[in-house]
Trainee: 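My questions all concern the structure below.
Note that the structure is predicted; figures quoted are calculated from it, not measured. Counting convention: from 1, in listed order, for ligands and their atoms alike.
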Amino acid sequence: QIKNLEAEFEAKISRDEKIEPKDWMPEKYRQTHIRQISQHAHSEIVGMLPEGNWITRAPSLRRKVALLAKVQDEAGHGLYLYSACETLGISRDELYEQLHTGKAKYSSIFNYPTLTWADMGAIGWLVDGAAIINQVPLCNTSYGPYARAMVRVCKEESFHQRQGFEIMMKLAQGTPEQKEMAQDALNRWWWPSLMMLGPTDDASVHTEQSMKWKLKRKTNDELRQQFIDQTVPQADLIGLTIPDFDLKWNEERGHYDFGPINWDEFWQVVKGHGPCNKERLAARKGAWERGEWVRDAAMAYAEKQADRKEK
Ligand code: ACO
């Protein structure tokens, strides 16, 4: 019986058909999806913090409106992703618990501080730019609810990327101080953005299996190369310099060669020792604790309504 189910599952994957919540799936497929989708959801939610920090300090009403909309979109992405994850048989409370206890990861990139307004530009341009490159292939991932959530998420990410690039472009065309601020933000966000796409393929424990299941459609190194190739000309266009002396177009490969990435820094951040890990987790835990009375009141109200209906 199990053999037949497994064969049917494999056949669906090879025909590029979606796996849906009620379909049979191997336990490892379910667990891997819970891991990746929940990490993705947590990243969206924690990702609101570095930018939320700048909403009250945006330099104009127009910038404030755009930033507010973007941060709100991220909340929405987190919520679609939590919902997609719940279809795999895990509750929202368990997912939050995993985040708050440090059992589940969230993206390394959100453990860096946002020091100046230019960081809003750099995050939109680089972080959301890398996120799009990572997420467009996920629109074709094999698990139906994840793939469908990604379609809308990618549309919104593309607005985020453009608003960030436009902030950088304006700063780069501004006074020498403004241009310097943009360059400084690029210097600080470039390497963490490359790390965000995950360890190199030979150090990536999940890639091989996730590619077989068509959870991942491209490897970490493929995505990173695509991100670099796409972003270098954009930096050239606005007159900013990528902080990598080894960066060079390789005619033979048809790609940019780039310098060594500090993987030690990456793993330190992943293990909780980045500049803002403690602050980010404390902010999420604090929000959860402060929201307890709202959850309790909502439950009490729902129970009262249900009681009234019964009577
Ligand atoms: N930050 C934190 N942890 C990471 C990161 C990162 N940038 N990259 C990899 N890791 C972790 C993995 O979670 C894994 O640890 P685990 O086994 O405890 O889960 C370990 O490092 C080894 O990495 P991989 O084997 O390469 O893991 P995976 O196959 O899951 O690939 C990737 C990592 C590319 C991030 C993948 O999970 C993915 O595509 N996720 C969906 C996109 C996403 O989460 N984006 C978040 C940021 S985008 C945004 O919020 C705007």
Trainee: As a test of reading the model: which residues have a non-hydrogen atom less than 4.0 Å away from ligand 1?
Mentor: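 Arg35, Gln36, Gln39, His40, Ser43, Glu44, Lys105, Tyr106, Ser107, Ser108, Phe110, Ala131, Asn134, Gln135, Leu138, Tyr146, Glu157, Met195, Met196, Leu197, Gly198, Pro199, Ser204, Val205, His206, Lys216, Asn220, Phe266, Trp267, Val270.
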Trainee: Just to verify, what does His255 make a side-chain hydrogen bond (donor to acceptor under 3.5 Å, both in side chains) with, not counting sequence neighbours?
Mentor: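 Per chain and number, His255 pairs via side-chain hydrogen bond (donor to acceptor under 3.5 Å, both in side chains) with Asp229.
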Trainee: Establish, from distance only, whether the side-chain atoms of His42 and Tyr96 form a donor-acceptor pair under 3.5 Å.
Mentor: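 Judged by distance alone, the side chains do not pair up.
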Trainee: Less than 3.5 Å apart, any donor N or O on the side chain of Gln234 or Trp125 sitting next to an acceptor on the other?
Mentor: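 The answer is yes; a qualifying pair exists.
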Trainee: Check which hydrophobic residues are tied to Trp293 through side-chain heavy-atom contacts below 4.5 Å, counting indirect links as well, and list them.
Mentor: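 Members alongside Trp293: Val294.
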Trainee: Could you identify which residues cluster with Ile132, counting Ile, Leu, Val, Met, Phe, Trp and Tyr as linked when any side-chain heavy atoms lie under 4.5 Å apart, either directly or through a chain of such contacts?
Mentor: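 Val136, listed by chain and number.
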Trainee: Heavy atoms, side chains only, cut-off 4.5 Å: are Asp244 and Tyr256 in contact?
Mentor: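 They are not in contact (no side-chain heavy atoms under 4.5 Å apart), so the answer is no.
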